[in-house]
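A, B, ... follow the sequence lines: proteins, then strands. Residue 1 opens every chain. Nothing here was measured: the structure is a model prediction, and the numbers come from that model.
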There are 2 protein chains.
Amino acid sequence: MARPREFDEATALEAAIECFWHRGYEATSVRDLADKMGISAPSLYNTYGDKHALFVQALERYLDHSTRARITRLEDSLPPKQAVRRFIDEIIERSVNDRERRGCFLINSALEVAPHDKRLGSLIAGRLAEIEAFFYRSIKAAQAEGDVPKDRSARDIARLLLGVLLGIRVLARSKPERALLEGVARPALALLE
Amino acid sequence: MARPREFDEATALEAAIECFWHRGYEATSVRDLADKMGISAPSLYNTYGDKHALFVQALERYLDHSTRARITRLEDSLPPKQAVRRFIDEIIERSVNDRERRGCFLINSALEVAPHDKRLGSLIAGRLAEIEAFFYRSIKAAQAEGDVPKDRSARDIARLLLGVLLGIRVLARSKPERALLEGVARPALALLE
DNA sequence: GACATTTTGTATCAATCGATACATAATGTC
DNA sequence: GACATTATGTATCGATTGATACAAAATGTC
């Protein structure tokens, strides 16, 4: 019917994720994007729309393949309390080994673009709610199994863990020190015991 | 000796803080700055250097008049445990009432510019350390007075509170809901009881 | 009041921004 | 192979970016 695309959309989108993740939305130019994606500007606009639409697609792909995949993997392979602990542990590990200090694409976006973009803001808020929901149902399940004391508010602890997660990610971008990040997490995780 | 400046440096710097606070570093143009500061571009460059130097001065002034002033005020007027509680409470109050969702200029900067600017990165890291130090010495003092259980690590709880502070500030930019932010803070503050 | 010094306002610099016009190339359909 | 349709490459659009050149204006010193 028509000339086929010569590049792989998903592969190019991965490159776009790298750009936006590393530099943020404003500091990334369309030329940066096109270069790193290995395509021309017209191909970029033809395939993904404009810069903003590309950002949305990049963020959505990142969330599906990163945050959401991690939750599914841990929830399927570990008992609930361990899944929560491991989630936080993996975030710390990633943060300490993040030599470029990219942090988390979702959390970077929550700070940079959410307040200025209503549509993206609710997308991001929804994804943060998914993380809170993971913590909440894990704690609830652990409490049902007698693995976490039942006199503690699962809702509040889930929210604390969400806050701790965001805090660790932000802190790591200016002070990526293991002792500090583990210090943040330790008293919060101790509430599960 | 020479022609005197026709505007107040500090007042104009306050306007620059508003710009950078609201939009971040990259998204704020020199024209935005000059307009809001009520001066011309040459006056801006003549007085503050370039855009980057202006940002540093704006951030430093913000920190002296906001974060650092709050710590001093609370520490001078309240017993240590109450000072910590009040600090967190005030942050939540500010976040909930922050209709423009500006968050905290320091924390916004920790995420946007710290990883890309070594000099600013260490400035920011130092200021975050000051906040942690405030939590730490408050908890230590409260423990000495028997106001906080002594079997808890003051270092870890101080770090948790720092993480919670950052988490609340980030969360508030996409979900400024009181119940959520208070839920994050409640289990952390409960560790002081 | 002449001079040195600094600030201010106008006007503009080259570079880069996001985004496209246009012609050419590559496909499936008939 | 003619045609419709979409992708690609070149070349560039007007707008905006950070930053200045330059001359006029305002001060203290002498």
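In this structure, A/Asp35 places its CG atom 13 Å from P of C/dT16, rounding to the nearest Å. In this structure, CZ of B/Phe7 is placed 10 Å from C1' of C/dT8, rounded to the nearest angstrom. Distance, B/Asp32 CG to D/dT16 P: 11 Å, rounded to whole Å. As a whole-Å value, the separation of B/Glu9 CD from C/dT7 P is 9 Å. Whole-Å rounding puts the A/Tyr48 OH to D/dA7 C1' distance at 13 Å. The separation between A/His52 atom NE2 and C/dA19 atom P is 10 Å, rounded to whole Å. The distance between atom CZ of A/Arg23 and atom C1' of C/dC17, rounded to the nearest whole Å, is 15 Å. Atom CG of A/Leu44 and atom C1' of D/dA7 are 13 Å apart (whole Å).
In the displayed structure, B/Arg86 atom CZ is contacted under 6.0 Å by at most 12 heavy atoms of other residues, nucleotides or ligands.
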What N/O pairs connect the protein and nucleotides 20-22 of chain C at under 3.5 Å? Give each pair on its own line.
none

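Looking at A/Arg94 and A/Asp98, no side-chain N of the basic residue comes within less than 4.0 Å of a carboxylate O on the acidic one, giving no salt bridge. Under a 4.0 Å N-O distance rule, the pair B/Arg23/B/Glu26 does not qualify as a salt bridge. Salt-bridge check for A/Arg127 with A/Asp64: passed, with a basic side-chain N closer than 4.0 Å to an acidic carboxylate O.
Applying salt bridge (charged side-chain N to carboxylate O under 4.0 Å, His left out) to A/Glu18 and the options A/Arg102, A/Arg61, A/Lys36 leaves one that passes, A/Arg102.
For A/Phe55 and A/Tyr48, the ring centers sit 6.0 Å or farther from each other. A ring-centre distance under 6.0 Å is found for A/Phe87 and A/Phe135.
Taking for each of B/Arg31 and B/Glu6 the nucleotide of DNA chain D with the nearest heavy atom, the 5'-most of the two is the partner of B/Arg31.
Taking the side chain of A/Asp50 as heavy atoms from C-beta on, and the options C/dT6, C/dA19, C/dT7, the nearest nucleotide is C/dA19.
An OP1 or OP2 oxygen of D/dT8 is reached within less than 4.0 angstrom by no side-chain nitrogen or oxygen of A/Ser40. For the pair B/Ser43 and C/dT7, the criterion of a side-chain N or O lying under 4.0 Å from OP1 or OP2 is not met.
With hydrogens and angles left out, the side chain of A/Arg3 and the base of C/dA25 share a donor-acceptor pair within 3.5 Å.
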